[in-house]
Amino acid sequence: MTATHIPSASTGSASSVSSASAPSHRYAGAPVARRLLLAGAVSAPLWAVSALTQAATRDGFDITRHPLSVLSNGSLGWLQIATFVVVGVLAVAGALGMRRALRGTPGGVWVPRLLLVNGIGMIAAGVFVMDPADGFPVGTPAGTPESLSGASIGHMAAGSVAFFSLIAANYVLVRHFRRAGRSAEAVLSLIAGTALLLGNGWAMAGGTAGTLTLAVGALTAMLWVSAVAARASRGV
């Protein structure tokens, strides 16, 4: 942790204040950093509201059978495509803000990098659309497609990159918060990363309601990162 020397009002000597408690808004780029962090803070809530609203209202969708990604199909598929892209752009902005907020701290290099990869992966997952499957949209044959399109393969690759970078970012945050003496945040980071790791692993293994466990894990990890960005925005 770095130290900032501020002249003492009473003695004129320099007193040392840790960068975690010093008002970081003193530097010229603070307004930009704050806006970037706020973009990251709204990314996960926006994803949750958009995706879950669609999941609850679109005919034929069952979150225990269908991944949220399949919402990109059908006449309203543009809503989920736009959600992927917009949320990905916001996540990229949040990553740039985190680079400024965490500079010089444990994890200050890798957390922003991993979150940047996650955001890019989200954008790519919107560009590459997953194939219709298992009765969604209505009229699609039951079960998984016999073969996958190139777009669907691209979507799954982008999603995997996004998920694993998000898991890693949460685990690096564990170290960051532990070194800062913030044990509660360290535990929450561990829970968030593990929720996505287990939820994704269960889905990939073909477990019962794996699409639901994946959705819960992804939302948990994303919402925690957004919460971290929101808190960081108040300190710049």
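The backbone N or O of Ala44 sits less than 3.5 Å from a side-chain atom of Ser226, completing a donor-acceptor pair. Between the Asn170 side chain and the Thr194 main chain, no donor and acceptor come within less than 3.5 Å of each other. Judged by distance alone, the side chain of Ser165 and the main-chain N or O of Leu115 form no donor-acceptor pair under 3.5 Å. In this structure, the side chain of His155 engages the main chain of Ala125 through a donor-acceptor pair within 3.5 Å. The closest donor-acceptor contact from the side chain of Ser152 to the backbone of Ser149 lies at 3.5 Å or more, if one exists at all.
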- Message: Quick one, Leu197 with Tyr171, criterion side chain to side chain contact (heavy atoms under 4.5 Å, CB included). Give me CA distance, side-chain angles, the key distance, then yes/no.
- Response: CA-CA 11 Å; Leu197 178 65; Tyr171 284 146; 3.7 Å; yes
- Message: Please determine whether side chain to side chain contact (heavy atoms under 4.5 Å, CB included) holds for the pair Val225 and Met98, giving the CA-CA distance in whole Å, both sets of side-chain angles, and the decisive distance to 0.1 Å.
- Response: CA-CA 10 Å; Val225 168; Met98 292 288 275; 5.6 Å; no
- Message: Using the rule given for side chain to side chain contact (heavy atoms under 4.5 Å, CB included), can you reason through Phe136 versus Leu71, listing the C-alpha separation, both sets of side-chain angles and the distance that settles it, and then say yes or no?
- Response: CA-CA 8 Å; Phe136 186 86; Leu71 289 166; 4.0 Å; yes
- Query: Should Leu114 and Leu166 be marked as a side chain to side chain contact (heavy atoms under 4.5 Å, CB included) after you check the CA-CA gap, both sets of side-chain angles, and the distance that decides it?
  - Reply: CA-CA 7 Å; Leu114 291 165; Leu166 183 58; over 6 Å; no
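In this structure, Leu102 is a member of the same hydrophobic cluster as Val228, with clusters built from ILVMFWY side-chain heavy atoms closer than 4.5 Å. In the hydrophobic clustering of this structure, Leu148 does not group with Leu214; members are Ile, Leu, Val, Met, Phe, Trp, Tyr whose side-chain heavy atoms approach within less than 4.5 Å, directly or through other members. Placement of Leu219 and Val70 within a single hydrophobic cluster is found when ILVMFWY residues are connected by side-chain heavy-atom separations under 4.5 Å, directly or transitively. Cluster membership check: Val161 does not share its hydrophobic cluster with Leu90, using side-chain heavy-atom separations under 4.5 Å among Ile, Leu, Val, Met, Phe, Trp and Tyr.
Side-chain contact between Leu96 and Val32 is absent, with no heavy-atom pair separated by less than 4.5 Å. Leu116 has its side chain within reach of Ile120: a pair of non-hydrogen atoms, C-beta onward, lies under 4.5 Å apart. A heavy-atom distance below 4.5 Å is not found between the side chains of Met130 and Ser72. For the pair Val86 and Trp47, the minimum side-chain heavy-atom distance is 4.5 Å or more.
Scanning all heavy atoms of the two residues, the minimum distance from Val172 to Gly107 falls at CG1-CA, 3.7 Å. The minimum heavy-atom distance between Ser43 and Ala91, with the atom names listed, is CB-N, 4.1 Å. Across every non-hydrogen atom of Ala158 and Gly121, the tightest pair is CB-O, 3.6 Å. Heavy-atom minimum distance, Phe128 versus Ala151: CB-O, 3.3 Å. Here the closest heavy-atom approach between residue Met122 and residue Val87 is recorded as CE-CG1, 3.8 Å. Smallest separation of non-hydrogen atoms from Ala229 and Leu37: CB-O, 3.6 Å.
A distance of 8.0 Å separates CG of Leu68 from OG1 of Thr211, quoted to the nearest 0.5 Å. With rounding to the nearest 0.5 angstrom, the CD1 atom of Ile191 is 11.5 Å from the CG atom of Leu198. To the nearest 0.5 Å, atom CG of residue Leu196 and atom CD1 of residue Ile167 are 4.0 Å apart. Here OG of Ser189 is found 8.5 Å from NE2 of His176. Values are rounded to the nearest 0.5 Å. Summarising the geometry, atom CE belonging to Met156 is positioned 10.0 Å from atom CE belonging to Met204; distances are rounded to the nearest 0.5 Å. For the atom pair OG1 (Thr220) and CE (Met222), the distance works out to 11.0 Å, reported to the nearest 0.5 Å.
In this pair, His66 and Phe61 present their aromatic rings tilted. The plane angle is within the 30 to 60° band.
Here Leu212 pairs with Ile63, Thr64, Ala209, Val216 under the side-chain contact (heavy atoms from CB on, under 4.5 Å) rule; sequence neighbours left out.
Every pair passing salt bridge (charged side-chain N to carboxylate O under 4.0 Å, His left out) that includes a residue from residues 121-145 is listed here, sequence neighbours excluded: Arg65-Asp134.
The residues Arg231 and Glu185 are annotated as salt-bridged, a charged nitrogen and a carboxylate oxygen being separated by less than 4.0 angstrom.
More than 12 heavy atoms of other residues, nucleotides or ligands sit less than 6.0 Å from atom CZ of Arg113.
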Donor-acceptor pairs are to be reported for all side-chain atoms of residues 76-84 against protein atoms at under 3.5 Å, with residues two or more places apart or in another chain.
residue, atom, partner, partner atom, Å
Gln80, OE1, Gln54, NE2, 2.9
Thr83, OG1, Ser50, OG, 2.6
Thr83, OG1, Leu79, O, 2.7

